[in-house]
**Student:** 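One structure, as structure tokens, below. Some questions next.
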Amino acid sequence: MRLAPAPELMARFKAIVGDKYAITDPDVLAPHLIEGRGLYHGHTAMMLKPANTAEVAAILKLANETRTAIVPQGGNTGLVGGQIPFDGEIILSLSRLDKIREIDSESNTMTLEAGVVLQKAQEAAHAAGRLFPLSLGSEGSCTIGGNLSSNAGGTGALAYGIARELMVGVEVVLADGRVMNLLRKLKKDNTGYDLRHIFVGAEGTLGIITTAVVKLFPQPRAIETAFIGLPSPDAAVKLLNLAQSRIGGTVTGFELMIRGILEFALKHGHNVRDPLAGPHPWYVLMEVSSQQAEGLRDNVEEFLAEAIEQGIVGDATLAANMDQAKAFWHMRHTLTEVQKPEGGSIKHDISVPVAAVPQFIAEASEAVVKLIPGSRPVPFGHVGDGNMHFNVSQPVGADKAEFLARWKDVNAVVDKIVLKLNGSFSAEHGIGKLKRDTLAKVKDPVALALMRDLKKSFDPNGILNPGKVL
Ligand code: FAD
Ligand code: MLT
Ligand code: ZN
């Protein structure tokens with residue numbers, strides 16, 4: 001148990017940001033100490049809200065000199081507990097670093113501070129006639145710094161890449177307070193080791209991201225969004241391959257969901273309707289984009305008719321307009337929330353080669369139901385990336401706490417299948433606290449040793465997000 005910093009030390013931290021931005025009021029701190037699923041509760045004596053990189057640097061310099069542990073926090077939407085202070089660490093909130101500094105439409109880049117909320121970044125790009133394609137269910141509150149630090153994936157990764165691929169340049173404050181400025185807009189820069197990427201996915205354990213340059217894309221001139229009913233995950237994989245080879249546009253979204261999770265959304269979601277007339281065992285939400293203004297709709301309609309004829313698709317509907325397309329995406333983005341009213345939910349965020357997704361879903365579902373009879377697997381997710389959220393809801397009427405107590409047993413049977421299929425037990429949410437023990441068990445031992453060496457070299461006093469990842 002870490003002791004709260006002594007009053008004199010608290011006063012030195014306060015002096016860096018000013019009294020107003022050194023939060024000690026328990027009521028204001030409270031929402032920063034729990035994560036969205038209520039899985040974790042942390043504690044702290046103080047949260048600091050610096051205004052700029054210089055203040056972040058001063059905080060880290062003092063923290064390093066006094067061996068005071070820090071937990072960086074963006075929008076607090078992380079799903080592995082990485083942003084929670086479990087042992088009285090000071091929270092370093094990036095929320096005041098919220099400026100979009102520049103949109104360079106010709107270089108297709110946007111320079112923005114770490115605390116910019118993802119949705120604000122998307123809207124700014126849109127207003128400049130560009131697309132920033134990172135898209136997550138949490139986009140109304142998560143931040144660019146959190147997205148990069150957790151190397152977020154989301155629904156646009158299939159066509160545009162994960163957060164790592166969207167980052168061009170970065171500014172990072174190191175544990176000792178030095179500022180590393182790699183804020184360039186360059187695609188090509190072969191000047192030695194590429195240090196930018198060490199901080200992406202590091203979950204705040206190696207440095208604090210304060211500013212980034214991210215990639216923008218031209219806005220598509222035509223977008224078609226289809227909601228498709230299918231017999232099986234296997235049909236979904238076939239459909240994806242067919243769509244990628246046959247449609248004269250790019251498949252920019254391809255999300256699979258089982259009927260069970262659509263039912264949760266229909267029951268508990270706000271303004272959610274089933275877009276298809278009858279039930280289907282599985283669904284795909286598919287988005288196709290093109291730079292040609294004409295012809296895409298006919299092309300997608302023909303493609304779907306052919307897929308129905310071949311028996312790959314049971315039924316499908318194309319969004320009639322942007323509002324309907326938004327309604328389809330709204331339903332997709334509620335899938336995290338609508339599991340909550342169904343009681344305990346044990347989560348997995350796995351990836352396997354795309355072709356192995358059907359085998360994974362079949363074997364994991366069987367194994368989990370055998371382990372806990374009556375439990376309800378509700379797999380959904382980014383099937384085009386081989387990344388499924390294999391979430392398991394508790395049996396109807398079961399005791400929530402008793403069910404959640406089986407979290408590790410359920411993970412163990414699922415992870416075993418993932419490893420057999422050469423997959424990853426953490427495809428997009430990261431390690432944080434939740435998956436630290438699993439990482440230590442399954443990561444290649446040489447890689448793990450190098451990770452520990454990196455941590456020691458970047459943060460020798462262990463002040464940055466201690467106890468997370470490693
Ligand atoms: P936080 O939760 O505040 O922090 C996340 C981690 O990054 C923590 O370890 C924290 O210490 C660290 N951190 C935060 N800011 C910085 C910084 N500036 N410098 C260094 N470290 C920092 N994730 C996906 O990948 N794909 C999805 O599709 C997806 N969907 C989601 C849907 C919902 C409804 C929710 C609640 C979460 C979802 N997530 C998804 C989880 C995802 O990790 C986050 O939503 C997002 O990337 C985290 O951003 P944040 O600003 O909230 O970070
Ligand atoms: C999503 O893709 O909606 C999230 O990453 C899934 C989750 O909440 O598990
Ligand atoms: Zn996801």
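Atoms within a ligand are numbered from 1 in the order they appear, just like the ligands themselves.
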**Student:** The Zn ion (ligand 3) as vertex, arms to OE2 of Glu428 and NE2 of His382: angle to 10°?
**Tutor:** 90°
**Student:** Run down the list Val117, Leu136, Thr210, Val71 and name the one with the heavy atom closest to atom 29 (C) of ligand 1.
**Tutor:** Leu136
**Student:** Below 4.0 Å from ligand 2: does a non-hydrogen atom of Leu79 turn up there or not?
**Tutor:** yes
**Student:** Considering only heavy atoms, which of Gly137, Gly36, Gly78 lies nearest to atom 2 (O) of ligand 1?
**Tutor:** Gly78
**Student:** Report the part of Asn147 (side chain from C-beta onward, or backbone N, CA, C, O) that has a heavy atom under 4.0 Å from ligand 1; answer both or neither where that applies.
**Tutor:** both
**Student:** Heavy-atom pairs closer than 4.0 Å: do any link ligand 1 to the side chain of Ala152, the backbone, both, or neither?
**Tutor:** both
**Student:** If you measure from atom 38 (C) of ligand 1 to every heavy atom of Ser138, Ala114, Gly74, Gly82, which option wins on shortest distance?
**Tutor:** Ser138
**Student:** With a heavy-atom distance limit of 4.0 Å, tell me whether His429 approaches ligand 1 through its side chain, its backbone, both, or neither.
**Tutor:** side chain
**Student:** Do Glu139 and His333 meet the criterion of a side-chain donor-acceptor pair at a distance under 3.5 Å?
**Tutor:** no
**Student:** Got the closest protein heavy atom to atom 1 (P) of ligand 1, with its distance?
**Tutor:** Asn76 N, 3.7 Å
**Student:** Is there at least one pair of N or O atoms, one from Lys347 and one from ligand 2, spaced under 3.5 Å apart?
**Tutor:** no
**Student:** Provide, to 0.1 Å, the distance between atom 49 (O) of ligand 1 and the closest protein heavy atom, together with that atom's residue and name.
**Tutor:** Cys142 CB, 3.4 Å
**Student:** Check each heavy atom of Asn391 against ligand 2 and say whether those closer than 4.0 Å belong to the side chain, the backbone, both or neither.
**Tutor:** side chain
**Student:** Is Glu287 salt-bridged to Arg332, cutoff N-O under 4.0 Å?
**Tutor:** no
**Student:** In terms of residue, atom name and distance, what is the protein heavy atom nearest to atom 10 (C) of ligand 1?
**Tutor:** Pro72 O, 3.2 Å
**Student:** If you measure from each non-hydrogen atom of Arg332 to ligand 2, which part falls under 4.0 Å: side chain, backbone, both or neither?
**Tutor:** side chain
**Student:** Side chain, backbone, both or neither: which part of Glu35 comes within less than 4.0 Å of ligand 1 when only heavy atoms are counted?
**Tutor:** neither
**Student:** Check this for me - ligand 1, Gly153, N or O atoms closer than 3.5 angstrom, yes or no?
**Tutor:** yes
**Student:** Val200 pairs by side-chain contact (heavy atoms from CB on, under 4.5 Å) with which of Asn151, Val170, Leu166, Ile162?
**Tutor:** Asn151
**Student:** Are His429 and ligand 2 in contact, using a heavy-atom cut-off of under 4.0 Å?
**Tutor:** yes
**Student:** Closer than 4.0 Å to some heavy atom of Leu79 - which atoms of ligand 1 meet that?
**Tutor:** 37 (C), 38 (C), 39 (N), 41 (C)
**Student:** Can you find an N/O atom of His389 closer than 3.5 Å to an N/O atom of ligand 1?
**Tutor:** no
**Student:** Looking only at non-hydrogen atoms, which of Ser150, Gly201, Ser149, Gly381 approaches atom 13 (N) of ligand 1 most closely?
**Tutor:** Ser149
**Student:** Under the 4.0 Å line, does any protein heavy atom show up next to atom 6 (C) of ligand 1?
**Tutor:** no
**Student:** Under a 4.0 Å heavy-atom limit, does Thr77 contact ligand 1 with its side chain, its backbone, both, or neither?
**Tutor:** both
**Student:** Among Lys400, Gln394, Arg376, which residue meets the side chain to side chain donor-acceptor pair (under 3.5 Å) test with Glu342?
**Tutor:** Arg376
**Student:** May I ask you to identify, for Leu148, whether its side chain, its backbone, both or neither come under 4.0 Å of ligand 1 on a heavy-atom basis?
**Tutor:** neither
**Student:** So, Asp415 and Lys408, do they make that salt bridge, N to O below 4.0 Å?
**Tutor:** no
**Student:** What do you reckon, does Gln73 have a nitrogen or oxygen under 3.5 Å from a nitrogen or oxygen of ligand 1?
**Tutor:** no
**Student:** Determine, considering heavy atoms only, which of Ile209, Thr155, Ile144, Thr336 sits nearest to atom 18 (N) of ligand 1.
**Tutor:** Ile209
**Student:** Would one find an N, O or S atom of His429, in either backbone or side chain, under 2.8 Å from the Zn ion (ligand 3)?
**Tutor:** no
